[in-house]
Amino acid sequence: MLITRRGAMLASAATLVGAAPLARPALAQSGPILIGWLAALTGPSSAPAIGFDRGVKFAVEEINTAGGVKGRRIEIVTRDTQGDPTKAVNAAQDMISRQKVNAIWGPTNSGEALATTAVMARAKMPNIHPCVVDSLIDPAKYPNAFRVAPSNGQWDAAVRNYCENVLKVKDVAVVGDTTGYGASAVAASVAAFRKEGANVAYQTQIDATQPDVTPDMLRMRNAGAKVIVVWSVSTGMEARLMNVRAALGWDVPIVGHPALGSGDVRQLLENERNWEKVYMIGYASCSYDANGKLPPRTAAFVARLAGKVALDDTSLWWVASGYDAVKLVAEAVDATGSSASDAIIGYWNSLRAYPGIFGAYTWTPEQHNGFPTSEVVMSQANSQKDGAFKLAPGYA
Amino acid sequence: MLSSILSTGFAIGAIYALIAVTYNVMFSASRVMSFTAGQVGMLGGVFGAWFILRLHLPIVVGFPLTLLACAGIGVLTEIVAVRPVIAGLEKHLYVLSTLALALMMQQFTAIEWSTEPQPFPRIVGRGFGLDEKFWLPLLACAAVILGLELLYRRTLVGRAFLAIAEDNYAASALGLPVRDLRMASFALAGAIAGLAGFAGGELLLASIANGPMLNFYGFVPVALGGLGNNRGAIAGGLLLGLFQQAANFLVGGVLVSVAVFSAFIVVLMAAPQGLFGAPPTRRV
Amino acid sequence: MRSRVAALPYVLIFAAAAAIPLAGDDYLVVIATRAAVYWVLVSGLNLVVGFAGQLAIGWVSLLTIGAYTTSIIVARGWLGPLPALAVAGVAGALAGVLVGLPALRLRTFYFAMTTLGFATIVTQVALAWTDVTGGGIGIAGPTLPAPLDSRTGFYLFCLALAALCTWMTLNIAASRFGRALVGLRDAEVAAEAMGISKAHLLVTVFLFSGATAAVAGGLFATLQSYITPDAFTFDLSVLFFIAILIGGRGSVLGPLLGAILLTALPEFAAPLVAWSTFLYAALLLVIVIALPGGIADLLDQRRRRKLPQDRLVVPRPDLVPSLITRRPDRPAMILSGVRLSFGAVRAIDGLDLVLRPGEAHGLIGPNGSGKTTTLNVISGFSVPQEGEVRIGDAPLRSGATQIRAGLGIARTFQTPRAIGEASLRENVMIGGSIEGHASFAECMLALPRHRRDEATLRAQAERCLRIVGLEALADERADRLQHSELRFMEVARALMLRPAFLLLDEPAAGLSADEITRLGALIKAIREAGCGVLLVEHHADLIFDICDRVTVLNLGRELAAGTPSEIRAHREVVSAYLGG
């Protein structure tokens with residue numbers, strides 16, 4: 001059964017009906033392993049969550065069919081937070097107090113994560129999330145929170161490097177959406193560009209639902225920008241930027257957020273050609289080498305997904321990291337023999353180059369940003385095949 | 001820059017003008033201002049995209065089907081949100097019932113269609129120098145103006161509409177089928193809004209965010225031009241479109257909508273009946 | 001809206017709420033805290049939407065302002081969290097007035113739109129003003145000092161504030177302010193005639209409502225521990241608004257139950273979370289169509305009591321002197337040279353009239369001759385282009401409807417204007433609103449002066465009801481009464497201020513012959529007590545029976561004036577109007 005968007009939503013609703021909203025008894029060492037999944041499955045920033053969700057479901061199915069973890073099944077408690085911090089806080093508290101989950105994966109939105117961090121820290125709930133805002137990870141304040149994706153700082157470094165040293169441009173326009181993530185990413189990016197001597201000709205935040213981005217593009221062009229750096233998870237807005245770029249006949253590269261290469265974007269483009277000269281953050285694990293091959297571990301993963309999980313309307317790295325998150329919890333319980341909070345956190349703190357599909361994670365008690373910077377690469381957006389990409393031109 | 005401001009400004013202004021006309025037609029028939037006007041406009045775009053892109057119907061089928069569907073939603077508004085309320089004594093309830101229905105429409109579409117703006121099909125495929133997404137709304141606006149003129153001046157039905165707008169009681173005393181005329185008025189209003197959404201689909205995309213946006217920006221010309229005054233509404237809509245796009249292109253950023261809202265509230269406070277509106281009727 | 005409040009439901013609700021932490025479930029505590037915080041806002045908004053009938057849909061703007069104000073003050077270290085909350089309350093009060101100001105000028109739908117505009121403006125400013133609000137990144141919410149920083153401690157703090165707001169709004173509901181608000185909502189014209197100032201009243205409730213909303217915002221920020229602009233959604237605004245309407249306008253208990261219901265609903269039906277706003281809207285639609293009074297209507301016992309069928313209204317004219325005493329030296333009301341046109345239509349074309357205290361003056365004429373317009377000019381609802389109305393030597397400022405009541409001018413209306421859901425007694429008590437001494441704050445806190453006011457008004461209303469013969473129905477809802485009873489109610493209401501001049505606009509319309517006779521006796525007694533009565537009527541017999549002088553209008557001009565016998569014989573009057 002191909003897991004698609006609609007199916008994901010219905011299935012998660014069914015999951016929750018099945019997992020009745022009654023308080024669960026505290027069976028710590030036996031009974032199913034419960035993983036809470038705070039997903040923004042609907043709303044403008046839902047594309048990543050939908051991708052993660054596929055990976056999560058696949059991992060659960062794989063682990064449970066193989067007999068579970070030390071005989072215990074994995075069960076996911078999904079709550080659709082709709083990108084609303086209020087619902088996220090309610091849902092997090094529900095998972096902690098009532099559902100009594102052993103760990104939480106998510107939330108997927110920085111705005112929600114900013115609100116739920118305190119809630120989870122108070123309860124010492126083991127938490128992995130993919131949100132990139134730098135301030136979310138602080139091993140001293142939030143010893144329970146671990147990041148599985150690169151931080152925004154790591155992303156920004158890769159993009160800056162590409163603009164300055166490969167594309168060799170000095171005048172940049174930095175664009176984000178109006179969410180918490182967009183605001184902080186643009187601010188950090190602009191500051192870093194300036195520090196390195198580049199000229200930020202134009203910076204702005206565009207509302208993701210704004211239908212016509214022509215005015216903004218015209219202003220960028222008039223300001224003399226030679227590259228447009230985009231920090232947004234809104235695939236709709238990014239598609240519109242590309243369409244207007246084509247309509248204006250403006251030959252300028254677009255560089256930035258991984259969502260630029262997502263399958264959604266292709267669907268919203270007026271013309272496949274509009275996807276040319278778009279380079280976005282990619283991951284070594286999800287990139288095709290010169291021979292068109294994925295790294296062995298990823299290739300094996302994709303082979304296992306074939307026929308079960310759709311990849312062409314999403315990104316492989318989303319599916320992979322969702323998968324990894326579940327595996328990380330499962331491995332922790334397996335290795336320590338316990339699903340207690342301390343055990344899981346302790347295990348995670350001991351990981352050195354853990355071979356996940358998405359990345360080789362390293363976490364220590366002082367460092368909770370697990371993704372190695374060396375694995376952040378730049379990819380070519382229109383080379384998407386099964387959710388993975390070719391490396392961007394000029395990228396060593 | 002200027003050409004962009006003019007082309008986008010007039011196009012989007014035409015859409016606002018059509019929604020303003022929708023408000024007016026609904027109001028004339030029932031003395032009710034309905035929150036559903038903008039939502040039906042949004043549905044015009046959504047239905048168009050759904051019929052033509054998802055269901056792959058040809059445009060000659062998809063377009064009239066869209067208008068029909070929107071007319072149907074107009075009738076639904078009348079039956080569900082207007083009729084039960086105007087019978088009663090508490091007049092203000094219509095604000096609530098139409099608000100409730102508008103919210104239901106928006107949420108339903110958000111869940112069943114998408115929360116993200118979706119692409120809208122190309123209709124004609126030729127530009128005539130100016131891309132069709134700029135002149136389609138203007139064409140629609142002109143068609144509606146002409147159509148309404150013909151309707152009100154030349155046809156019996158149109159004159160009946162004018163009659164019930166002028167004096168409901170007298171009209172029913174004369175034997176006019178007031179209820180059916182009202183339903184027909186709402187169907188007409190729905191079709192006009194649907195046309196606005198369809199013609200504006202390429203510019204605005206098929207997005208649920210269009211609902212509240214059209215509700216507000218379609219209301220501004222009505223408020224400023226005077227309730228029930230179609231000429232004021234159309235002029236107001238075009239001017240609003242130009243003003244908004246000029247601000248958008250020249251200044252840009254989030255503060256554009258703040259500027260428009262603030263200007264609107266200030267003008268309305270100064271002239272509560274609109275700049276060309278009628279003075280308030282006797283209260284006692 | 002009742003003066004004597006049954007405390008039991010509130011006690012039960014708050015006792016149950018206070019017991020929640022005992023269950024040891026932090027999730028329940030979080031949801032309950034949220035409900036308490038929302039109720040703090042909704043209780044204030046209830047006065048604006050439920051009582052005053054102003055459809056402020058976009059009130060989330062005040063929540064946003066309160067949340068950011070509190071968070072910014074604490075984050076910058078200017079003040080501690082509790083003083084910051086107080087400052088936010090002040091900011092909210094001022095902002096509330098700003099957002100509410102259009103209500104004074106615009107009609108319902110337009111005002112609703114402007115509040116939506118404000119909500120968007122506030123969110124956009126929060127997004128754009130990055131230096132202060134953190135822009136899209138947002139800002140950390142305040143943390144309260146121990147012991148309020150634990151889940152339970154904070155919850156009990158919010159619950160206490162919610163209880164305080166409930167108490168305060170109940171006090172206001174049962175005060176002259178609460179009644180006046182509902183009066184403005186349901187019978188605006190009558191309210192103005194009774195001297196109630198719409199501007200004053202609305203500004204006061206906007207101050208209160210803005211303050212509670214902003215305090216709720218500060219609590220919200222604390223609960224969330226971090227706020228970003230995307231937390232203040234339109235859905236939230238809709239939730240507040242719908243909670244009040246589902247609960248029922250003019251009630252406090254109803255919206256309280258509504259707020260609890262709407263906060264808890266999506267939590268206990270989690271798969272429906274995506275549909276929650278759809279369900280709220282559907283619920284609203286059902287309520288509006290099927291049960292416009294909301295939950296409060298379901299709970300209202302007064303609707304169920306059976307009323308005796310053949311009720312008679314028997315006024316007691318003999319009691320009038322105990323209310324109004326004759327003052328022979330009071331000046332007369334004089335209209336001179338009044339001219340009023342509506343566009344091209346000459347409604348009044350040069351009218352002179354004198355109304356002396358202790359005299360009943362009849363005003364008759366065909367339809368459209370300008371009778372009601374004359375009353376409207378005296379009341380201030382219509383502004384003449386020429387001429388003046390004065391009492392003695394002092395001219396009445398034309399158009400200033402609210403000063404009339406204070407000058408001793410009271411009136412009834414062609415169609416009775418009553419507040420359906422209020423009791424007869426409450427309807428009459430509104431008539432005496434301007435004689436209350438307690439300020440809004442004193443009412444809010446149920447201070448002694450408010451209690452004295454209420455006792456006085458109540459006693460006065462009972463007296464007036466006894467005079468018109470309706471005291472047995474004092475507790476009944478006005479919308480259950482007969483037309484004739486409402487007519488007499490209007491007279492009772494007009495008597496509350498012991499007026500010097502009483503304007504009656506066709507009070508006999510729809511009354512039976514017996515009732516007309518009794519009405520006549522009542523008016524005679526009022527006249528004898530020293531009041532100057534101006535009676536507009538079509539029932540010629542009534543006019544000739546009780547009036548000392550009669551003026552006949554035709555086409556806006558005086559056709560004839562004199563004693564009843566003179567008029568009865570006047571040839572032109574007979575041919576133009578009386579017939580025969």
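Just the heavy atoms: all of them, side chains too, but no hydrogens, waters or symmetry mates, feed the values below.
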Asker: Parallel, tilted or perpendicular: which one describes the rings of B:W50 and B:F47, with boundaries at 30° and 60°?
Answerer: tilted
Asker: Check each atom of C:V122 against the heavy atoms of chain B and say whether the ones under 4.5 Å are side chain, backbone, both or neither.
Answerer: neither
Asker: With a 6.0 Å cut-off on the ring centroids, do B:F216 and B:F261 count as close?
Answerer: yes
Asker: Does C:G138 offer a backbone N or O that forms a donor-acceptor pair with the side chain of C:T228 under 3.5 Å?
Answerer: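 Pair absent, no side-chain N/O of C:T228 close to backbone of C:G138.
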Asker: At a 4.5 Å cut-off on heavy atoms, which part of C:A112 comes close to chain B: side chain, backbone, both, or neither?
Answerer: side chain
Asker: Sort C:L375 into side chain, backbone, both or neither according to what part of it lies under 4.5 angstrom from a heavy atom of chain B.
Answerer: neither
Asker: B:A71: which residues meet the side chain to side chain contact (heavy atoms under 4.5 Å, CB included) condition with it, sequence neighbours left out?
Answerer: B:A187, B:A191
Asker: Below 4.5 Å from any heavy atom of chain B, which atoms of C:F234 appear? Answer side chain, backbone, both or neither.
Answerer: side chain
Asker: To the nearest 0.5 Å, what is the distance between CD1 (B:I15) and CG (B:L204)?
Answerer: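 CG of B:L204 is found 4.5 Å from CD1 of B:I15.
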Asker: Of the backbone (N, CA, C, O) and the side chain (C-beta and beyond), which part of C:I121 lies under 4.5 Å from a heavy atom of chain B, both, or neither?
Answerer: both
Asker: For C:L181, does its backbone N or O pair with a side-chain atom of C:R185 as donor and acceptor, under 3.5 Å?
Answerer: no
Asker: Given a strict heavy-atom distance threshold of 4.5 Å, which part of B:V80 is in contact with chain C: side chain, backbone, both, or neither?
Answerer: both
Asker: Between C:I57, C:L116, C:L283, C:V286, who has the most heavy-atom pairs with chain B when the cutoff is under 4.5 Å?
Answerer: C:I57
Asker: Between B:A81, B:A102, B:A223, B:P212, who has the most heavy-atom pairs with chain C when the cutoff is under 4.5 Å?
Answerer: B:A223
Asker: Heavy-atom distances under 4.5 Å only: say whether C:L245 touches chain B with side chain, backbone, both or neither.
Answerer: side chain
Asker: Less than 4.5 Å to any heavy atom of chain C: does that hold for the side chain of B:T98, its backbone, both, or neither?
Answerer: neither
Asker: Go through the side-chain N and O atoms of B:Q245 and B:T8 and say whether any donor and acceptor fall under 3.5 Å apart.
Answerer: no
Asker: Who among C:L104, C:T114, C:L279, C:L106 has the most heavy-atom pairs with chain B under 4.5 Å?
Answerer: C:L106
Asker: Should C:W275 and B:I111 count as side-chain neighbours, where that means a heavy-atom distance under 4.5 Å?
Answerer: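 In short, these two side chains touch, coming nearer than 4.5 Å.
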Asker: Once side-chain hydrogen bond (donor to acceptor under 3.5 Å, both in side chains) is applied, do any residues pair with C:D235, and if so which ones, sequence neighbours excluded?
Answerer: C:T277
Asker: Using a 3.5 Å distance criterion without hydrogens, assess whether the side chain of C:S237 forms a donor-acceptor pair with backbone atoms of C:V60.
Answerer: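 Pair found, side chain donor or acceptor close to backbone of C:V60.
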Asker: With a 4.5 angstrom heavy-atom cut-off, which part of C:P102 approaches chain B: side chain, backbone, both or neither?
Answerer: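 Looking at C:P102, backbone and side chain both touch chain B.
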Asker: Checking B:F219 against chain C: side chain, backbone, both or neither under 4.5 Å from a heavy atom?
Answerer: side chain
Asker: What part of B:S34 is in contact with chain C, defined as an atom under 4.5 angstrom from a non-hydrogen atom: side chain, backbone, both or neither?
Answerer: backbone
Asker: Is it the backbone or the side chain of B:Y23 that comes under 4.5 Å from a heavy atom of chain C, or both, or neither?
Answerer: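 Just the side chain, heavy atoms under 4.5 Å.
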